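Right, one structure below, let's go through it.
Naming: A, B, ... by sequence-line order, numbering from 1 per chain. Fair warning: this is a prediction, and the values are worked out from it, not measured in the lab.
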Amino acid sequence: MNSKTDFNQRCYALLKLIPKGKVTTYGEIARALNTTASRAVGSAMAKNRDLIVIPCHRVIRSDGSIGQYALGTDKKASLLCEEGVEVENGKVKHFSKVFHVFTKNI
DNA sequence: GGCGTGACCCCAT
DNA sequence: TATGGGGCCACGC
């Protein structure tokens, strides 16, 4: 049941599983999807027509950097801060602590 | 049906 | 420790 845009839907589904105050990385999502296409995940978010429905702002880079955001990195940082994630100089503090791991593989 | 792009990641220097 | 280069997959035209 691999729909053409099913890949994006899976990414969104995983994002929905992220609890408030937690974040994840593109690579982790890609691995959860059983693929190494971390870039594809970013591309999926970049197009994000479901930005309103999906909390894409909870997705950051594996380095702890916030990375990019359709509405701007500053906006993303503000959102994360509101979520309870400490952000400093465009990077997440205690990244390992707020990092959400997908135990369920798709 | 094929090419280029991208919100990245990993390795080497 | 920081910076640079290459490679990965999926999507859009």
Side-chain angles (χ1 to χ4, degrees):
Chain A
M1 97 176 212
N2 292 330
S3 300
K4 46 195 172 189
T5 56
D6 188 54
F7 182 80
N8 295 28
Q9 297 299 327
R10 293 187 201 181
C11 296
Y12 303 148
L14 290 170
L15 265 56
K16 289 180 185 175
L17 298 177
I18 303 174
K20 182 180 177 217
K22 290 286 187 98
V23 294
T24 190
T25 65
Y26 300 99
E28 192 62 28
I29 295 174
R31 290 186 181 189
L33 297 176
N34 255 328
T35 181
T36 59
S38 52
R39 300 190 66 180
V41 179
S43 289
M45 300 294 135
K47 270 72 179 180
N48 76 70
R49 53 192 180 190
D50 300 280
L51 173 64
I52 311 169
V53 187
I54 310 296
C56 310
H57 63 272
R58 287 183 187 163
V59 188
I60 61 176
R61 300 200 352 180
S62 58
D63 295 288
S65 304
I66 294 178
Q68 293 297 344
Y69 190 54
L71 305 182
T73 55
D74 55 332
K75 186 71 178 182
K76 189 169 180 177
S78 296
L79 289 169
L80 290 172
C81 186
E82 294 297 313
E83 294 287 321
V85 180
E86 299 183 59
V87 181
E88 184 76 6
N89 194 20
K91 295 186 181 153
V92 179
K93 300 177 64 171
H94 306 293
F95 168 60
S96 303
K97 298 186 179 183
V98 295
F99 177 64
H100 177 74
V101 182
F102 298 102
T103 54
K104 295 182 180 178
N105 294 39
I106 302 179

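- Of the candidate nucleotides B:dA7, C:dC11, B:dC8, B:dA7 has the atom nearest to the side chain of A:Lys76.
- Distance from the side chain of A:Ala37 is smallest for C:dC9 among the nucleotides C:dC9, C:dC11, B:dC9.
- Proximity of a side-chain donor or acceptor of A:Ser65 to a complementary backbone N or O of A:Gly67 within less than 3.5 Å is not detected.
- Rounded to an integer number of Å, the gap from A:Met45 CE to B:dA7 P is 12 Å.
- Whole-Å rounding puts the A:Ile66 CD1 to B:dC8 C1' distance at 16 Å.
- We find that CG of A:Leu33 is positioned 14 Å from P of C:dC9, with the value rounded to whole Å.
- Picking from B:dC10, B:dC9, C:dA10 the nucleotide with the shortest atom distance to the side chain of A:Tyr26 gives B:dC9.
- Contact check, A:Thr35 against C:dC9: no side-chain N or O comes under 4.0 Å of OP1 or OP2.
- The OH atom of A:Tyr69 sits 14 Å away from the P atom of B:dC8 (whole-angstrom rounding).
- Contact between the side-chain N/O atoms of A:Arg39 and the OP1/OP2 oxygens of B:dG4 is not found at any separation under 4.0 Å.
- Put simply, CD1 on A:Ile29 is 15 Å from C1' on B:dG6, counting in whole angstrom units.
- Among all heavy-atom pairs drawn from A:Cys81 and A:Val87, the shortest one is N-CG2, 4.4 Å.
- Whole-Å rounding puts the A:Asn8 CG to B:dA7 P distance at 14 Å.
- As rounded to whole Å, 15 Å separates atom C1' of C:dA10 from atom CG of A:Asn34.
- Classification of the A:Phe102-A:His100 ring pair by plane angle, with boundaries at 30° and 60°, yields perpendicular.
- A:Lys76 places a side-chain N or O within donor-acceptor distance of the main-chain N or O of A:Gln68, the cut-off being under 3.5 Å.
- Put simply, the side chain of A:Arg10 never gets that close to the backbone of A:Leu33: no donor and acceptor are under 3.5 Å apart.
- Minimum atom distance to the side chain of A:Thr36 is reached by C:dC9, of the listed B:dA7, C:dC11, C:dC9.
- When rounded to the nearest whole Å, the span between CG of A:Asn89 and C1' of C:dA2 equals 15 Å.
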